[in-house]
J.: 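Submitted below is the structure of interest, expressed as structure tokens.
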Amino acid sequence: MNMPLPHAPLQRLDERLGAAQAATPHIQVAPQSAHIGALISGADLTQPLSAAEVHTVRSALLRWKVVFFRDQHLSHEQQLAFSRQFGDLTPGHPVFGHVEGYPELYSIAKHRKANRHSGQAEQRPWTGWHADVTAAHNPPAASILRGVTIPPYGGDTQWTNLAAAYEALSEPLQAFLHSLRGEHRFSPPQGASATAEYLELVRNNTLISEHPLVSVHPETGEKVLYISPGFLKSIVGLKTRESRVLLELLWEHAVSSEFTVRFKWEPGSLAFWDNRSTAHVAPQDIFALDFDRQLYRTTLVGEVPVGADGRASTAIQGDPVLAVHSAAY
């Protein structure tokens, strides 16, 4: 059993959030599950937030890893303005491009380029789960996703808390993982074949990085199981079977329902998640439905991850993801 010390970061985060809410009593933060997810109400995201409101939203994000808003019908310009209050923006996507005229905005459409594979992917409990763009040397710190065209049913997104998943491991396994690193890269899901278009985009914008299996969150100090299933391909230094068996054990553990939250989208919904401490999975049921689904994502520039052993991530191929400095709207 873990000693109480590992839970000290959560206590500090609760205290920070409590103080922030006291300064902004008009903003409510309602947790949605035991370990992850909170619904924020009382803020108008179409308008600039005050410094105190920004602090409350950020505090809720750090504590609950993903926060949700309802009835926020933002334009592209308003989403960009809201996002900039929390950090610099990356390009819409470093491999798959951006919305025309909006270099910081990425279209999450039902049949977007990142989904263009042929054949049936092997379905495992962790299939499709990922943190955003962990193939980069400095993956995004956070992502902000806005729902516009939403099916009447289906299309839910799920997130998992990778800090809670780490804490739930046995201490001997935690210690073993501290020195291990994994290689992250873009590739289609196991069992599926990439289209020529997908391969060309990945080839022209190659990103490959080596990240620790356990990172230290730069703001909360929490240790995080940094194992994005969609990007992490192997553990450096282990034999093929050793790597595969250990990764499958960790992935299955990390997406256990106890660590997750599920969000039902509505037009005007917005999800804001900490990409350094979560993984998420896009819905697959939408491909069995005739309904369209359209969301738009911005991402905040992130830091180079640092492992529990103090070593920073290494870039194998590709440049860091830098901020886009376009004219303010």
J.: Can you see whether Gln28 engages Ser41 through a side-chain donor-acceptor pair at a distance of less than 3.5 angstrom?
T.: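 Side chains of Gln28 and Ser41: pair found under 3.5 Å.
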J.: With the 4.5 Å side-chain cut-off for hydrophobic clustering, are Phe259 and Val261 part of the same group?
T.: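 Different clusters: Phe259 never reaches Val261 through Ile, Leu, Val, Met, Phe, Trp or Tyr contacts under 4.5 Å.
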J.: Please confirm whether the backbone N or O of Trp64 pairs with a side-chain atom of Gln32, one donor and one acceptor, at under 3.5 Å?
T.: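 Here the side-chain-to-backbone pair does not exist.
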J.: So, Ser228 and His130: side-chain donor and acceptor under 3.5 Å apart, yes or no?
T.: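 Looking only at side-chain atoms, His130 and Ser228 do not form any donor-acceptor pair under 3.5 Å.
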J.: Between Ser313 and His211, do the side chains contain a donor N or O and an acceptor N or O under 3.5 Å apart?
T.: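 Their side chains do contain a donor-acceptor pair, which is all the 3.5 Å distance test asks for.
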J.: According to a hydrophobic-cluster definition based on side-chain heavy atoms being under 4.5 Å apart (Ile, Leu, Val, Met, Phe, Trp, Tyr only), do Val216 and Val224 belong together?
T.: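 Different clusters.
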J.: Apply salt bridge (Lys or Arg N to Asp or Glu O under 4.0 Å) to the pair Asp156 and Arg262, showing each step before the final yes or no.
T.: CA-CA 7 Å; Asp156 299 355; Arg262 184 178 185 123; 3.0 Å; yes
J.: Between Gln85 (side chain only) and Leu49 (backbone N and O only), is there a donor and an acceptor less than 3.5 Å apart?
T.: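 Yes, Gln85 side chain to Leu49 backbone: donor-acceptor pair under 3.5 Å.
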J.: Would His35 and Asn161 count as a side chain to side chain contact (heavy atoms under 4.5 Å, CB included) here? Give the steps.
T.: CA-CA 7 Å; His35 293 292; Asn161 181 338; 4.2 Å; yes
J.: For Lys110, is there an ion pair with Asp292 - N to carboxylate O distance below 4.0 angstrom?
T.: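 The answer is no: the pair does not qualify as a salt bridge.
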J.: Taking the side chain as every heavy atom from C-beta outward, state whether Val66 and Phe272 have any pair of such atoms under 4.5 Å apart.
T.: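 Side-chain contact under 4.5 Å: no.
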J.: Are His217 and Asp274 close enough that a side-chain donor and a side-chain acceptor fall under 3.5 Å?
T.: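 Checked: His217/Asp274 side chains pair up, N/O donor to acceptor below 3.5 Å.
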J.: Using a strict 4.0 Å threshold on nitrogen-to-oxygen distance, state whether Glu222 and Arg12 make a salt bridge.
T.: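 No salt bridge links Glu222 with Arg12.
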J.: Could you measure the distance from the CG atom of Leu232 to the CG atom of Leu213? Nearest 0.5 Å is fine.
T.: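 These two atoms lie 6.0 Å from each other.
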J.: The criterion is side chain to side chain donor-acceptor pair (under 3.5 Å); which residues satisfy it with Thr46, sequence neighbours excluded?
T.: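 So Thr46 forms a side chain to side chain donor-acceptor pair (under 3.5 Å) with Asp44.
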J.: Is there a donor-acceptor pair under 3.5 Å between the side chain of Asn275 and the backbone N or O of Ala141?
T.: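 No; zero donor-acceptor contacts below 3.5 Å.
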J.: Check whether any side-chain N or O of Arg311 sits under 3.5 Å from a backbone N or O of Ser179 as a donor-acceptor pair, and report yes or no.
T.: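 Checked: pair present.
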J.: Determine whether Thr90 and Glu104 make a side-chain contact, defined as any pair of heavy atoms from C-beta on separated by less than 4.5 Å.
T.: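 In short, these two side chains do not touch, never coming nearer than 4.5 Å.
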J.: Counting C-beta onward and ignoring hydrogens, is there a side-chain heavy-atom pair between Leu225 and His253 closer than 4.5 Å?
T.: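 With C-beta onward as the side chain, the pair touches.
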J.: Is there a path of hydrophobic side-chain contacts, each under 4.5 Å between heavy atoms of I, L, V, M, F, W or Y residues, that connects Val99 with Val321?
T.: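 No, it is not one cluster - the side chains of Val99 and Val321 are not joined through contacts under 4.5 Å.
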J.: I'd like to check Pro140 versus Val301 (side-chain heavy atoms, cut-off strictly below 4.5 Å). Are they in contact?
T.: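 In short, these two side chains do not touch, never coming nearer than 4.5 Å.
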J.: Given the rule in the side chain to side chain contact (heavy atoms under 4.5 Å, CB included) test, do His280 and Trp273 qualify, once you have shown the distances and angles that lead to the verdict?
T.: CA-CA 9 Å; His280 59 281; Trp273 66 92; 3.6 Å; yes
J.: When the ring planes of Phe68 and Phe263 are compared, do they come out parallel, tilted or perpendicular, using 30° and 60° as the limits?
T.: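 Because their plane-to-plane angle is under 30°, the rings of Phe68 and Phe263 count as parallel.
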J.: Show me the donor-acceptor pairs within less than 3.5 Å that the side chains of residues 238-249 make with the rest of the protein, sequence neighbours left out.
T.:
| unit_1 | atom_1 | unit_2 | atom_2 | d |
| --- | --- | --- | --- | --- |
| Glu242 | OE1 | Lys239 | N | 2.9 |
| Ser243 | OG | Ile235 | N | 2.9 |
| Glu248 | OE1 | Arg124 | NH2 | 3.4 |

J.: Carefully, step by step, assess Tyr106 and His98 under the rule ring-ring contact (aromatic ring centres under 6.0 Å, His included).
T.: CA-CA 5 Å; Tyr106 181 50; His98 57 81; 9.7 Å; no
J.: Under 3.5 Å, is there a donor on one side chain and an acceptor on the other for Ser215 and Lys223?
T.: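 There is no such pair (donor and acceptor under 3.5 Å, judged by atom type) between the side chains of Ser215 and Lys223.
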J.: So, do Phe186 and Phe231 have ring centers that fall under 6.0 Å from each other?
T.: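 That pair passes the under 6.0 Å test.
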J.: Please determine whether residues Ile150 and Leu39 belong to a single hydrophobic cluster, defined as Ile, Leu, Val, Met, Phe, Trp and Tyr linked transitively by side-chain heavy-atom distances below 4.5 Å.
T.: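 Ile150 clusters together with Leu39.
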J.: Measure the shortest side-chain to side-chain distance between Leu89 and Thr299 over non-hydrogen atoms and say whether it is less than 4.5 angstrom.
T.: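 Heavy-atom side-chain distance check fails, nothing below 4.5 Å.
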J.: Is there a path from Ile108 to Phe291 through hydrophobic residues (I, L, V, M, F, W, Y) whose side chains come within less than 4.5 Å of each other?
T.: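 Looking at the clustering, Phe291 is in a separate group from Ile108.
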J.: Are Arg185 and Glu183 close enough for a salt bridge, meaning some N to O gap below 4.0 Å?
T.: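 Glu183 and Arg185: salt-bridged.
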J.: State whether the side chain of Ser75 and the backbone N or O of Gln78 hold a donor-acceptor pair below 3.5 Å, judged by distance alone.
T.: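 Answer holds: yes.
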J.: Determine whether a donor-acceptor pair (N or O, by modelled atom type, separation under 3.5 Å) exists between the side chain of Ser209 and the backbone of Ala315.
T.: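 No, Ser209 side chain to Ala315 backbone: no donor-acceptor pair under 3.5 Å.
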J.: List for me each residue that meets side chain to side chain contact (heavy atoms under 4.5 Å, CB included) alongside Thr206, sequence neighbours excluded, and say none if there are none.
T.: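 So Thr206 forms a side chain to side chain contact (heavy atoms under 4.5 Å, CB included) with Ile208, Gln317.
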J.: Mind checking whether Pro305 and Arg276 have side chains closer than 4.5 Å, heavy atoms only?
T.: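 Answer no - side chains too far apart.
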J.: Side-chain contact, heavy-atom cut-off 4.5 Å: Tyr296 with Ile144?
T.: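 Answer no - side chains too far apart.
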J.: Could you check whether any side-chain N or O of Glu258 sits under 3.5 Å from a backbone N or O of Ala34, counting only pairs where one atom can act as donor and the other as acceptor?
T.: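 Flag not set: sc Glu258 to bb Ala34 has no pair under 3.5 Å.
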J.: Between Leu61 and Phe86, is a side chain to side chain contact (heavy atoms under 4.5 Å, CB included) present by the stated rule, with each step listed?
T.: CA-CA 11 Å; Leu61 175 70; Phe86 296 90; 6.0 Å; no
J.: Any donor-acceptor pair under 3.5 Å linking the side-chain atoms of Thr157 with those of Trp265?
T.: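 Per modelled atom types, Trp265 and Thr157 side chains form a pair under 3.5 Å.
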J.: Between Leu270 and Leu145, is a side chain to side chain contact (heavy atoms under 4.5 Å, CB included) present by the stated rule, with each step listed?
T.: CA-CA 6 Å; Leu270 187 141; Leu145 187 61; over 6 Å; no
J.: Mark yes or no for whether Arg297, through its side chain, and Arg146, through its backbone, hold a donor-acceptor pair below 3.5 Å.
T.: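 No, because the side chain of Arg297 does not come within donor-acceptor range (under 3.5 Å) of the backbone of Arg146.
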J.: Given Thr260 and Thr160, is the side-chain hydrogen bond (donor to acceptor under 3.5 Å, both in side chains) satisfied, shown in steps?
T.: CA-CA 4 Å; Thr260 67; Thr160 190; 5.9 Å; no
J.: Could you check if a side-chain atom of Phe176 sits within less than 4.5 angstrom of a side-chain atom of Leu180, using non-hydrogen atoms only?
T.: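 Yes. Closest side-chain heavy atoms under 4.5 Å.
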J.: We want to know whether His184 and Glu210 form a side-chain donor-acceptor pair, criterion being a heavy-atom distance below 3.5 angstrom.
T.: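 No - no donor-acceptor pair under 3.5 Å links their side chains.
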